[in-house]
2 protein chains.
Amino acid sequence: MSNEQALAQYDVKQYRTPDGYTADIAVFTIISTRLDTYKPPTMELKLMLIKRSMTDLEGRPNIEAGKWALPGGFVNPDETSFQSAQRELQEETGVSGLHLKHFGVYDKPGRDPRGWIISNAHYAIVPEHRLSSRQANDDADDVELFTIDQVLQLELAFDHAEIISDAVKVMAQELLETTVAKEFLPKEFTYSELQSVLRTVTNEPQIISDPAFARKIKTLPFIQEVTGKKTTRTSKKPTQLYRFTEPVQLSKSIYTVRY
Amino acid sequence: MSNEQALAQYDVKQYRTPDGYTADIAVFTIISTRLDTYKPPTMELKLMLIKRSMTDLEGRPNIEAGKWALPGGFVNPDETSFQSAQRELQEETGVSGLHLKHFGVYDKPGRDPRGWIISNAHYAIVPEHRLSSRQANDDADDVELFTIDQVLQLELAFDHAEIISDAVKVMAQELLETTVAKEFLPKEFTYSELQSVLRTVTNEPQIISDPAFARKIKTLPFIQEVTGKKTTRTSKKPTQLYRFTEPVQLSKSIYTVRY
DNA sequence: TTAATAGTGTCTCTGAGACACTATCGT
DNA sequence: ACGATAGTGTCTCAGAGACACTATTAA
């Protein structure tokens, strides 16, 4: 191993290096409204954004001040961008262990007026009640939840419009192709509650139609009936409860599914 | 817009910044062997690796010298890592427009002994004949194709073992869930040729079984029969040719497919 | 004629799709 | 009894899975 020799002679500054490395997070939640007792909930997908302060900590004017942006921050040299995102998310929600996933890198020259800054984008899925205690911090004047439609109308900082539009696509995809929907649901749930979650991102007939979905849920290998357990929270007629089973390997090729 | 004022006061160096930003590429190809005339080809998935030189351009000992590594290089400040990967890939193959996709970021502290270096990982799918003219360059002593099994036995530079293992998974997934298989096939192909490609990454019964696959291929919405056109390159009996149609939106949720 | 690949002929069984129907409760 | 959600009954049709069978050619 002459790696030590090589290293001794290696000049770290022979290439131009980035001016910064950040981790941004698109925090999704679903606001669930129970219109009435004995009714299934109405659900709406929301994204959390922060409003950038007009001035920074030292009172100087801030970059992209007043615009809405994804929460995030600079990555420290002793952590990965994922760890950095975890830290940010924990600061924002007060809990760790939430569903967090990396989905893209944004490095277009000029995307940040401060210089060559690479952003590593993540998205998180957070149950509604974790965000009730949300608060503005040093960097932000305001924190708010928006529907996806609303977000696209806002004036967004940097290239966050692009990042968000990608995040929405990836998140919708994952909701349909994995079992993350469970992050939005209680441990035990009715078919109509799962249906409400999926309705926020799809309108496939099998999911929209109640009879079809009620039948289908019983055949899914990753969902099991909680035998004998029922609830009346969504209807007067006691409704069967279901539960996600332990992770199953799900992967179907387009060459084997039905169209 | 007081962004100009803010910018004037912004100190780019207030955070520690990365020491480098690289783009690495896992170049996949399928080596197709025609054992005999009138036989379907046997296909094997291969990955292209380079062997790192013992010394650099100035004759000094190189980092991770002698180990096998993914091709790649430092990203310039005026390009995205994707563009950088495109450039590298073109240098390696002599052509542009090949299938190239970003799949992950590797930024674990200590992954590169030279410092805080972030690697943006891509994979490419290259038809076999594009790699015939491959050659070693300044940075590499040698360039070679390995099967995935072989690769896992090699001594690999940096954290490339991890990157490669991720690349293989993502690439196998994409082969089954999109129509990229076409990158490995001629414009018009027989069912057994497509089957050979898919066999490199799966053993789902519907794909492995000839009668089943021969039936299934006719019902796939993204593949059409080339009516009346046959070939005898895979068998003595003239075989029907097929062709991929223009991109179709394929997305099936796990809640609607059959298991 | 044989050997090899490329299919097709059936049968059974599961599930999708449609739509009417029943079930169960609170009010 | 009614209204509302949660299902089930039944029919038809498409396709999966299994396995034997036929089709077409070169040698």
Side-chain angles (χ1 to χ4, degrees), chain A residues 32-43 188-196 198-199 202-221 223 225-242 252-259, chain B residues 32-43 188-196 198-199 202-221 223 225-242 252-259:
Chain A
S32 148
T33 322
R34 291 200 181 266
L35 300 158
D36 244 324
T37 46
Y38 307 120
K39 280 226 170 217
T42 304
M43 297 193 177
E188 300 181 343
F189 51 88
T190 69
Y191 84 86
S192 62
E193 288 169 335
L194 173 55
Q195 198 184 16
S196 292
L198 300 178
R199 262 175 184 283
T202 190
N203 44 26
E204 289 180 79
Q206 250 199 71
I207 288 176
I208 295 302
S209 150
D210 299 301
F213 197 69
R215 275 214 167 83
K216 183 70 183 181
I217 195 171
K218 292 192 228 165
T219 74
L220 297 173
I223 290 181
E225 217 177 281
V226 186
T227 42
K229 216 161 165 200
K230 309 209 175 206
T231 181
T232 54
R233 68 172 174 257
T234 63
S235 95
K236 294 165 183 168
K237 173 174 176 183
T239 309
Q240 182 58 53
L241 285 170
Y242 294 88
K252 275 281 180 178
S253 88
I254 58 172
Y255 301 97
T256 55
V257 304
R258 276 182 78 165
Y259 287 99
Chain B
S32 150
T33 321
R34 290 197 182 269
L35 299 158
D36 243 323
T37 46
Y38 307 120
K39 278 224 171 219
T42 304
M43 298 194 178
E188 300 181 343
F189 51 88
T190 69
Y191 84 86
S192 63
E193 288 169 335
L194 173 56
Q195 199 184 16
S196 293
L198 300 178
R199 262 176 185 285
T202 190
N203 45 25
E204 289 179 79
Q206 249 199 74
I207 288 175
I208 295 302
S209 151
D210 299 303
F213 198 69
R215 277 215 166 83
K216 183 72 184 180
I217 195 171
K218 292 192 228 166
T219 75
L220 296 173
I223 290 181
E225 217 177 281
V226 185
T227 41
K229 216 159 166 201
K230 309 208 174 206
T231 182
T232 55
R233 67 170 175 260
T234 62
S235 95
K236 293 165 184 169
K237 172 172 176 183
T239 310
Q240 182 58 52
L241 286 170
Y242 294 89
K252 276 279 181 178
S253 90
I254 58 172
Y255 301 98
T256 56
V257 303
R258 276 183 79 165
Y259 287 97

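Here is the naming used below: chain letters follow the sequence lines, and residue numbers restart at 1 for every chain.
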Exercise. Find the distance B/K216:NZ to C/dG7:C1' and express it as a whole number of Å.
Key: 17 Å
Protein-nucleotides 10-14 of chain C N/O pairs closer than 3.5 Å?
unit_1: C/dT10; atom_1: O4; unit_2: B/R215; atom_2: NH2; d: 3.3

Quiz prompt | Earlier contact from the 5' end, DNA chain D, for A/V257 and A/T190 | solution = A/T190
Practice problem: Could you list by number each residue of residues 203-212 of chain A showing a heavy-atom separation from DNA chain D of less than 4.0 Å, or answer none if no residue does? | Solution: A/P211
Quiz prompt | DNA chain C: 5'-proximal contact among B/Y242 and B/Y259 (nearest heavy atom) | solution = B/Y242
Quiz item: Is there a side-chain contact between B/S253 and A/T202, using heavy atoms and a 4.5 Å cut-off?
Solution: no
Practice problem: Encode nucleotides 22-27 of chain D as B, S and - characters from 5' to 3', where the letter depends on protein heavy atoms closer than 4.0 Å: B to the base, S only to sugar-phosphate, - to neither. | Solution: -BBBB-
Practice problem: Measure the distance from CG on B/L241 to C1' on C/dA6 and round it to the nearest whole Å. | Solution: 13 Å
Exercise. Take the protein atom CD of A/E193 and the nucleotide atom C1' of D/dT5, then report the distance between them rounded to whole Å.
Key: 13 Å
Exercise. State, yes or no, whether a side-chain contact exists between B/L220 and B/Y242 at a heavy-atom distance under 4.5 Å.
Key: no
Quiz item: Which distance, rounded to the nearest 0.5 Å, do you find between the OG1 of B/T234 and the OH of B/Y191?
Solution: 8.0 Å
Practice problem: Please state how far atom CD in B/Q195 lies from atom C1' in C/dG7, giving the value in whole angstrom units. | Solution: 12 Å
Self-check item: Check: A/T219 and B/Y259 side chains under 4.5 Å, non-hydrogen atoms
Solution: no
Exercise. Could you grab the distance from atom CG of A/N203 to atom CG of A/L198, nearest 0.5 Å is fine?
Key: 12.0 Å
Practice problem: Check whether any side-chain N or O of A/K39 sits under 4.0 Å from OP1 or OP2 of D/dA4, and answer yes or no. | Solution: no
Quiz item: Is it true that a side-chain atom of A/Q206 and a backbone atom of A/F213 form a donor plus acceptor pair closer than 3.5 Å?
Solution: no
Quiz item: Which whole-number value in Å describes the distance from A/K218 NZ to D/dG9 C1'?
Solution: 12 Å
Quiz item: Counting distance only, does the side-chain N/O of B/T239 pair as donor-acceptor with the main-chain N or O of B/K237 below 3.5 Å?
Solution: yes
Practice problem: Establish, with yes or no, whether the OP1 or OP2 oxygen of C/dG7 is under 4.0 angstrom from a side-chain nitrogen or oxygen of B/Y191. | Solution: no
Self-check item: Length of the line joining A/I217:CD1 and C/dG15:C1', which is rounded to integer Å
Solution: 17 Å
Quiz item: Is a side-chain N or O of B/Q240 found less than 3.5 angstrom from the main chain of B/V226, in a donor-acceptor match?
Solution: yes
Quiz item: Is any side-chain nitrogen or oxygen of B/T234 closer than 4.0 Å to OP1 or OP2 of C/dA6?
Solution: yes
Exercise. Answer yes if the side chains of A/E204 and B/T256 hold a donor-acceptor pair under 3.5 Å, and no otherwise.
Key: yes
Quiz item: Does A/Q195 reach the side chain of A/I217, with side-chain heavy atoms less than 4.5 Å apart?
Solution: no
Quiz item: Taking atom CZ of B/R199 and atom CE of B/M43, what is their separation to the nearest 0.5 Å?
Solution: 11.5 Å
Quiz item: What is the distance, rounded to the nearest whole Å, between atom CG of A/L220 and atom C1' of C/dG15?
Solution: 12 Å
Quiz item: Do B/K216 and B/I223 come within less than 4.5 Å of each other through their side chains, counting heavy atoms only?
Solution: no
Quiz item: Which is true for B/S192 with a 4.0 Å heavy-atom rule: it touches a base, it touches only sugar-phosphate, or it touches nothing?
Solution: sugar-phosphate
